[in-house]
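Contents: one structure, followed by commentary.
Below, chain A is the first sequence line, B the second, and so on; all start at residue 1.
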Amino acid sequence: MKVVLPDATELELPDGATGLDAARAIGPKLAEQAVLLRSNGSVQDLRDPLEGGQQIQIITTRDTDDPDALYVLRHSAAHLLAEAVRRLYPGVKIAIGPPIENGFYYDFEFPEPIREEELEKVEAEIARELKEGREWSREEVDAEQAKRIFSEQGENYKVELVDTADGPITLYTQGDFTDLCRGPHLQNSKPIKALKLTSLAGAYWRGDEHNKQLTRIYGTAFYSQEDLDRHLERLEEARKRDHRRLGRDLDLFHLSEHAPGSPFWHPKGMVIWNALEDLRRQENLKRGYDEVKTPLLYDIETYITSGHYDNYKENMFFVDTGGEERMALKPMNCPGHMLLFGSELRSYRDLPIRYAESSTLHRNEPGGTLHGLFRVRHITQDDAHVFVTEDQIQDEIDGMIDFVTFLYNQFGVVARAELSTRPENRLGTDEQWDRAEAALEAALERHGMDYVISPGEGTFYGPKIDLHMTDVLGRSWQMGTIQLDYQMPMQFGLTYMGADNREHHPVVIHRALLGSLERFIGVLIEHYGGAFPFWLAPVQVRIIPVGETHRAAAAEIARGLREAGFRVDVDERDETVGKRIREGELEKIPKVIVYGDRESAESLSVRDRGGEQYQTGLVDLVRELATLRP
RNA sequence: GCCGGAGUAGCUCAGCUGGUAGAGCAACUGCCUUGUAAGCAGUAGGCCGUCGGUUCGAGUCCGACCUCCGGCUCCA
């Protein structure tokens with residue numbers, strides 16, 4: 001048979017030859033360095049037989065940055081971890097151990113809980129394995145055989161995996177350790193030049209909290225020590241952009257144990273908050289939304305009607321009013337907006353009705369989930385509920401996608417869109433779902449947005465589009481959401497009078513575009529690394545008078561800039577110019593003006609963030625700064 | 001909520017096997033009169049997260065709780 005190499009030449013091989021055979025045919029060095037085979041974009045184990053006509057590419061230990069090469073390396077590293085743990089902890093059961101972005105993990109059920117300091121011991125055992133060297137062999141077996149092997153070893157998790165596996169069952173063996181595994185794996189452990197166990201965590205078997213919680217050991221591995229060092233450096237750099245750290249360093253906000261999950265916004269953080277609010281308000285008005293304000297506290301009856309009492313109680317804060325009655329803080333704006341819509345007779349001529357509101361929501365998020373500004377209990381969404389007829393859905397969704405694209409473009413942030421479709425348990429007719437899903441998808445298509453479909457992940461009341469962004473440590477957070485809802489208007493008995501002189505239920509679209517202001521600001525802080533663009537910067541211009549005698553003139557310049565609408569402060573502390581410049585730089589202020597004997601209002605000395613300097617007059621500076629506003 | 005880790009000055013962190021707490025930066029005071037990323041000196045600052053226990057004695061050992069950090073689950 002013949003296979004095709006990357007340079008389009010053909011290689012003649014005997015039938016049944018493997019990737020490794022192909023590598024040997026090309027050269028012994030290549031065979032030695034080979035780690036896996038890529039064929040038409042998918043990866044394949046070197047020990048797999050090839051098919052005639054197949055396009056092949058041999059990936060080697062020199063492809064140290066190739067994601068697939070790292071993947072296979074880390075997958076094999078995970079097996080070394082499992083072998084080590086099994087040797088050190090008799091009675092341990094092994095579950096699964098895949099490679100992940102930036103590393104790998106393996107889940108175990110330990111007979112006795114283990115502590116983080118024991119990882120060193122495990123690491124030492126792996127080092128010993130690496131020193132001895134391990135070779136992987138691959139074997140294909142049938143399900144019965146595999147189950148027998150693993151039940152003899154008492155590995156019930158593996159037995160369960162075999163039961164749910166599809167396709168051929170493969171086993172990989174290194175030394176005296178055999179694992180159920182799809183592969184691919186390295187030929188041997190030589191390419192693993194750097195390996196580090198990073199953390200210990202609990203993880204539910206099959207990701208289901210009703211199942212037993214296993215112990216997960218995380219680690220990472222590289223083709224060289226330098227690569228590992230670089231990776232650790234990158235992590236360190238990422239931590240410097242962490243919004244929690246920058247929030248304190250730049251004096252934007254703080255969190256207190258007296259109000260867990262509820263940020264205290266400092267004056268400088270409030271500047272950014274208000275800039276977002278201004279943008280939101282201005283655009284909402286342009287796009288036909290009406291701003292409303294509805295109560296924070298409602299009686300339980302309201303939440304029973306909305307379904308929150310049955311479905312969301314665990315996450316709500318209840319308030320004892322002193323008498324019989326209990327009330328609850330709103331976790332969402334929808335019940336209020338339903339009551340508002342229902343407070344008057346509505347005509348089809350009134351629709352769409354677009355209620356926008358960004359008041360405070362409270363959600364009692366579980367303690368272990370709180371996280372800086374990304375997961376809070378005090379939530380402020382740029383929320384809106386739009387009441388439409390079915391015919392208006394398409395245009396309305398379209399407008400929302402346009403809106404959200406506009407907003408994200410203001411900051412140069414990119415979100416990943418996800419379309420969640422009808423779940424098993426749902427309300428409404430299939431025809432309604434067909435139309436609703438089609439409307440969402442058409443809007444995404446029309447705007448040329450990349451999106452993935454999550455089948456069955458819609459809410460029980462309708463499909464939705466969610467927008468996700470990633471933080472500085474690679475964690476994904478949901479930002480904006482657009483949800484179609486046929487049900488809540490019915491629960492609240494909302495109607496409008498149609499052109500046919502009959503009552504109809506409106507459809508409601510729940511939508512938050514930035515998502516929560518808290519989370520969005522968290523993303524912005526990390527996105528800019530604290531160096532906000534001029535229009536968002538809490539302090540836009542700082543003036544540093546060189547000496548005491550320059551303070552009056554500096555104050556005068558500051559007054560002029562403030563009158564022109566800029567945020568200016570003057571650092572007239574009795575510190576050296578060098579020190580004050582350094583601090584301005586650390587505070588990431590976009591423009592620093594040094595004012596001394598050589599300067600005048602006609603000739604100012606301006607320093608850009610980063611160190612670039614130029615001379616300009618006050619009038620020209622005002623003109624320049626005005627162009628930096630959106 | 002679950003698993004692991006951590007809470008010492010405003011911030012970053014030292015504090016050994018138990019013997020009454022320390023540095024740098026910040027703050028304050030004085031000197032210097034400052035020119036594009038840290039001038040010099042001094043002073044002050046701590047219920048060692050909270051509560052309980054062991055001990056002659058606890059920052060240090062044990063327990064509970066609170067908060068934070070890394071995961072899991074859940075979510076904007």
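The gap from the C1' atom of B/rU20 to that of B/rA64 amounts to 26 Å, rounded to the nearest Å. Atom name C1', nucleotides B/rC16 and B/rU60: the rounded distance is 10 Å, in whole Å. When the C1' atom is used for both B/rU8 and B/rA21, the distance is 8 Å, rounded to whole Å. Here, B/rC3 and B/rG15 have their P atoms 29 Å apart, quoted to the whole Å. Nucleotides B/rG57 and B/rG45, compared at atom P, are 29 Å apart to the nearest Å. B/rA9 and B/rA14 have their P atoms separated by 12 Å, given to the nearest Å. Comparing the same atom, P, in B/rG4 and in B/rC62 gives a spacing of 15 Å after rounding to whole Å. Separation of the P atoms belonging to B/rU29 and B/rA44 is 15 Å when rounded to the nearest angstrom.
A cation-pi arrangement is not found for A/Arg609 relative to A/Phe534, the charged atom failing to lie both closer than 6.0 Å to the ring centre and inside a 45° cone about the ring normal. Stacking of A/Arg287 on the aromatic ring of A/Phe406 is recorded, both the 6.0 Å distance cut-off and the 45° axial limit being met. Taking the centre and axis of the six-membered ring of A/Phe460, the NZ or CZ atom of A/Arg426 falls outside the cone set by 45° and 6.0 Å. A cation-pi arrangement is found for A/Arg511 relative to A/Tyr289, the charged atom lying closer than 6.0 Å to the ring centre and inside a 45° cone about the ring normal.
Residue whose closest nucleotide on RNA chain B sits further toward the 5' end, between A/Arg248 and A/Ile114: A/Ile114.
For the atom pair CZ of A/Phe264 and CG of A/Leu252, the computed distance is 15.5 Å after rounding to the nearest 0.5 Å. For the atom pair A/Ile581 CD1 and A/Thr576 OG1, the distance stands at 9.0 Å (nearest 0.5 Å). One finds the CG atom of A/Leu517 at 9.5 Å from the OG1 atom of A/Thr360 (value rounded to the nearest 0.5 Å). Rounding to the nearest 0.5 Å places OG1 of A/Thr421 at 10.5 Å from CG of A/Leu440.
Rounded to whole Å, atom P of B/rC11 lies 16 Å from atom CG of A/Leu246. Taking atom CD of residue A/Glu599 and atom C1' of nucleotide B/rG35, one finds them 8 Å apart after rounding to whole Å. Rounded to an integer number of Å, the gap from CZ of A/Arg542 to C1' of B/rU36 is 14 Å. Atom P of nucleotide B/rC3 and atom CD of A/Glu109 are separated by 14 Å, given to the nearest angstrom. What separates CZ of A/Arg582 from P of B/rA38 is a distance of 7 Å, to the nearest Å. The interatomic distance linking A/Asp574 (CG) with B/rU33 (C1') rounds to 7 Å, in whole Å. For the pair A/Leu250 CG and B/rC11 C1', the computed distance is 14 Å after rounding to whole Å. The distance from atom CD1 of A/Ile544 to atom P of B/rA38 is 12 Å, rounded to the nearest whole Å.
Using a 4.0 Å heavy-atom cutoff across all strands shown, A/Glu116 reaches sugar-phosphate atoms only and no base atom. In this structure, A/Gly578 reaches the sugar-phosphate backbone alone: every heavy-atom distance under 4.0 Å involves primed, P, OP1 or OP2 atoms, never a base. Across all strands shown, A/Val577 has heavy atoms under 4.0 Å from sugar-phosphate atoms exclusively, and none from any base. In this structure, A/Glu575 reaches the bases: a heavy-atom distance under 4.0 Å links it to at least one base atom across the strands shown. Among the protein residues, A/Arg115 comes within range of the sugar-phosphate backbone only, with heavy atoms under 4.0 Å from sugar or phosphate atoms but none that close to a base. Contact annotation for A/Thr549: no contact, since no heavy-atom pair falls under 4.0 Å across all strands.
Paired with A/His510 under the rule side chain to side chain donor-acceptor pair (under 3.5 Å), one option of A/Asp485, A/Asp383, A/Asn333, A/Thr481 passes, and it is A/Asp485. Considering A/Trp273, A/Phe374, A/Tyr408 as possible partners of A/Phe520, the one that fulfils the ring pair (Phe, Tyr, Trp, His ring centres under 6.0 Å) test is A/Tyr408.
Not less than 6.0 angstrom separates the ring centroid of A/Tyr355 from the ring centroid of A/His385. A centroid separation of 6.0 Å or more is found between the aromatic rings of A/Phe104 and A/His75.
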Exercise for the section: Encode nucleotides 67-76 of chain B as B, S and - characters from 5' to 3', where the letter depends on protein heavy atoms closer than 4.0 Å: B to the base, S only to sugar-phosphate, - to neither. Expected result: S-SBBBBBBB
Exercise for the section: List the steps, then state whether side-chain contact (heavy atoms from CB on, under 4.5 Å) holds for A/Ile544 with A/Arg542. Expected result: CA-CA 7 Å; A/Ile544 298 177; A/Arg542 168 160 298 165; 4.2 Å; yes
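Looking at A/Glu583 and A/Arg580, no side-chain N of the basic residue comes within less than 4.0 Å of a carboxylate O on the acidic one, giving no salt bridge.
Paired regions of RNA chain B, where each region holds three or more successive Watson-Crick or G-U pairs whose two hydrogen-bonding distances fall under 3.5 Å, are B:1-7 with B:66-72, B:10-13 with B:22-25, B:27-31 with B:39-43, B:49-53 with B:61-65.
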Could I get a table of every N or O pair under 3.5 Å where one atom is in the protein and the other is in nucleotides 24-26 of chain B?
unit_1 : atom_1 : unit_2   : atom_2 : d
B/rA26 : OP1    : A/Lys579 : NZ     : 2.7

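For the pair A/Arg580 and B/rU36, the criterion of a side-chain N or O lying under 4.0 Å from OP1 or OP2 is not met. Here A/Thr576 reaches the OP1 or OP2 of B/rG39: one of its side-chain N or O atoms lies under 4.0 Å away.
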